[in-house]
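Just so you know, residue 1 is the first one in the sequence shown, and it goes up from there.
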Amino acid sequence: MTLSLSFFGGAGTVTGSKYLLARGTDPVLIDCGLFQGLKQLRLKNWARFPIPPSSIGSIVLTHAHLDHSGYLPALIRDGYGGEILCSPATEEYCGILLPDSGHLQEKDAELANRYGFSKHRPALPLYTLKQAQASLDRFVPLPFGHDRELPGGARVRLHRAGHILGAAIAEISWGDTSIVFSGDLGRYDDPIMMDPSRVRHADYLVVESTYGNRRHDRRDPSDILGEIINQTVSRGGTVVIPAFAVGRAQSLLFHLEQLKATGRLGNVPVFLDSPMAIDASEMLCRYLEDHKLAPDQCKRACGVARYVREVQESKSLTVDPMPKIIISASGMATGGRVLHHLKRYAPDPNSTILFAGFQAAGTRGAAMVGGAETIKIHGDHVPVRARVENLSMLSAHADGDEIMRWLKGFERPPKMTFVTHGEPSASDTLRHRIKEELGWDCMVPEQMQKVDLS
């Protein structure tokens, strides 16, 4: 019976990762992400799933970020009844991220109905907080390096990918055929996260290409971060850092603690204004095997910021004229508390809006990094007069050279390498490098393409 691989998301775009492996009954879905960014991508979240969710045998998650996990509550609501296999840290992270996603979608629908900035009457959430919470019952933790048999006869093993706590490279064997899914690869020599694990063999490979056409700045991020913060504070401004609550916020806390410890940050106060990021940060001290930091380093990093959980305290930050650093989600300024801080500080020429990694097309973050003079928040047009920076060296994604370094760990070429999870230019640049430098057969699949594997 022929084994096939279908690309339901993450093809031609850096979001919405969903890959289906099928051989007869009980197909395996690898990742179940939300489409984010451009409106035409977000609309795909509302389309009927390509196959009946009830027909899927199992789901394997590479990691918890919403572009890999955020569609799960909708799939379960529509009939998926199986297990969701992932690393223990990914399970715990999803317990934070998915309910928050459901809450934010309900909140966005409420705001759209209240202020009339949606053409839908009424505007509805894609799924609710209650549906997100119900999805958590399906999770089954799978430790790294352990095999697990799946319905239909496939087997899965997870390897560390770096990137964030719990991030995995998924190796799936079905009969005599092995397929490796890179997930999101982390950085080499990162001060916090492990290097991506070497994988020696794969008959077929699906590799991400988020930064496939770029090289990260090799300067010390602490130095650049400290320089920007000190310049802003000297002007009497505030630094607002939109940050992914899972992964990036913890990296920022580490670098800020390094700056404080070496006297390069002075007494400027740091606020972590995201209950989700606070919960995610506290996980560092519980998953010591997933990263490089010693217990005392974790405690110092988590202690560098004042945690802001209450809404009223968050609001008070926007009226306090004191120079400060505010780290708040979401990382691409698509939602969350950071929007209220942007409404206050984006118009302030003395302040800085500091992004810390990839900004997908169609997001407020991409617009601001691209030089937008105004951004739209809650139906209002907000002028952007603050300094806008993006420190790509803080990204948790491997760049083109680091992806190639990981690929060179394979002892023989896969029969085919599928380049996914990237904007078209990034994916095609990486495809060309793989072909020219390694001599491998590779292709950039299209959305909804189905490929038969021998």
Under 3.5 Å donor-acceptor, Lys18 side chain and Gly33 backbone | yes
Is a side-chain donor-acceptor pair under 3.5 Å present for Ser425 with Glu423?
-> no
With a 4.5 Å limit on heavy-atom distance, are the side chains of Leu5 and Val206 in contact?
-> yes
Partners of Ser395 by side-chain hydrogen bond (donor to acceptor under 3.5 Å, both in side chains), sequence neighbours excluded?
-> none
Kindly compute the distance separating CE (Met332) from OG1 (Thr15), expressed to the nearest 0.5 Å.
-> 7.5 Å
Partners passing side chain to side chain contact (heavy atoms under 4.5 Å, CB included) against Thr25 (at least two apart in sequence or in another chain) | none
Look only at the side chain of Glu389 and the backbone of Phe355, and say whether a donor-acceptor pair between them is shorter than 3.5 Å.
-> no
Derivation of the side-chain contact (heavy atoms from CB on, under 4.5 Å) call for Arg364 and Ile377 = CA-CA 9 Å; Arg364 292 185 187 89; Ile377 300 177; 3.7 Å; yes
Does CD in Gln40 sit with more than 12 non-hydrogen atoms of other residues, nucleotides or ligands closer than 6.0 Å?
-> yes
Residue pair Thr334 / Gln36, side-chain heavy-atom distance below 4.5 Å = no
Set of side chain to side chain contact (heavy atoms under 4.5 Å, CB included) partners for Pro125, sequence neighbours left out = Gln105, Glu106, Ala109, Thr128
Exercise: do Arg235 and Thr352 side chains pair donor with acceptor under 3.5 Å = yes
Give a yes or no answer on whether the side chain of Ser135 reaches the backbone of Ala132 with a donor-acceptor pair at less than 3.5 Å.
-> yes
Listed by chain and number, what are the side chain to side chain contact (heavy atoms under 4.5 Å, CB included) partners of Arg300, not counting sequence neighbours?
-> Glu257, Asp296, Gln297
Answer yes or no: is there a side-chain heavy-atom contact under 4.5 Å between Leu61 and Phe139?
-> yes
Does the side chain of His341 come under 3.5 Å of the side chain of Thr318 through a donor N or O and an acceptor N or O?
-> no
Give a yes or no on whether the backbone of Thr62 and the side-chain of Asp31 come within a donor-acceptor separation of less than 3.5 Å.
-> yes
Partners passing side-chain hydrogen bond (donor to acceptor under 3.5 Å, both in side chains) against Arg337 (at least two apart in sequence or in another chain) | Asp273
Excluding sequence neighbours, so at least two apart, what forms side-chain hydrogen bond (donor to acceptor under 3.5 Å, both in side chains) with Ser58?
-> none
Ser209 side-chain N/O to Gly212 backbone N/O, donor-acceptor pair under 3.5 Å | no
Apply side chain to side chain contact (heavy atoms under 4.5 Å, CB included) to Asp399 and list each qualifying residue two or more places apart in sequence or on a separate chain.
-> Tyr211, Arg215, His216, Arg218, Asp401, Glu402
Can you list every salt bridge (charged side-chain N to carboxylate O under 4.0 Å, His left out) pair that touches residues 312-325, not counting sequence neighbours?
-> Arg306-Glu313
Please check if atom NZ in Lys299 has more than 12 non-hydrogen atoms from other residues, nucleotides or ligands closer than 6.0 Å.
-> no
Nearest heavy-atom contact between Leu284 and Cys298 is O-SG, 3.7 Å
Nearest heavy-atom neighbours spanning Ala305 and Leu253 | CB-CD2, 3.7 Å
Quick one: list whatever passes ring pair (Phe, Tyr, Trp, His ring centres under 6.0 Å) with Trp174, sequence neighbours left out.
-> none
Looking only at heavy atoms, what is the nearest atom pair of Leu288 and Pro295, with distance?
-> CD1-CG, 3.7 Å
Leu317 vs Thr238 side-chain heavy atoms within contact, under 4.5 Å = no
Residues 92-105 vs salt bridge (charged side-chain N to carboxylate O under 4.0 Å, His left out), sequence neighbours excluded, gives Glu92-Arg286
Is Tyr127 reaching over with its side chain to a backbone N or O of Tyr71, donor-acceptor style, under 3.5 angstrom?
-> no
Are side-chain heavy atoms of Met443 and Gln449 found at a separation under 4.5 Å?
-> yes
Mind jotting down which residue pairs meet the salt bridge (charged side-chain N to carboxylate O under 4.0 Å, His left out) criterion with at least one end in residues 151-160? Sequence neighbours excluded, please.
-> Asp147-Arg157, Glu149-Arg155, Arg160-Asp290
Look at the side chain of Thr374 and the backbone N and O of His381, then say whether any donor-acceptor pair between them is shorter than 3.5 Å.
-> no
Taking the side chain as every heavy atom from C-beta outward, state whether Asp279 and Arg309 have any atom pair closer than 4.5 Å.
-> yes
Heavy-atom donor-acceptor pair, Ser330 side chain to Gly335 backbone, under 3.5 Å | yes
What is the ring orientation for Tyr19 with Phe7, classed by angle as parallel under 30°, tilted 30 to 60°, or perpendicular over 60°?
-> perpendicular
Residues in side-chain hydrogen bond (donor to acceptor under 3.5 Å, both in side chains) with Arg77, at least two apart?
-> none
Quick one: sort the His163 and His65 rings into parallel, tilted or perpendicular, breaks at 30° and 60°.
-> perpendicular
Distance-only, no hydrogens or angles: does the Asn390 side chain make a donor-acceptor pair with backbone N or O of Gly357 under 3.5 Å?
-> yes
Could you tell me whether the side chain of Thr90 and the main chain of Gly166 form a donor-acceptor pair under 3.5 Å?
-> yes
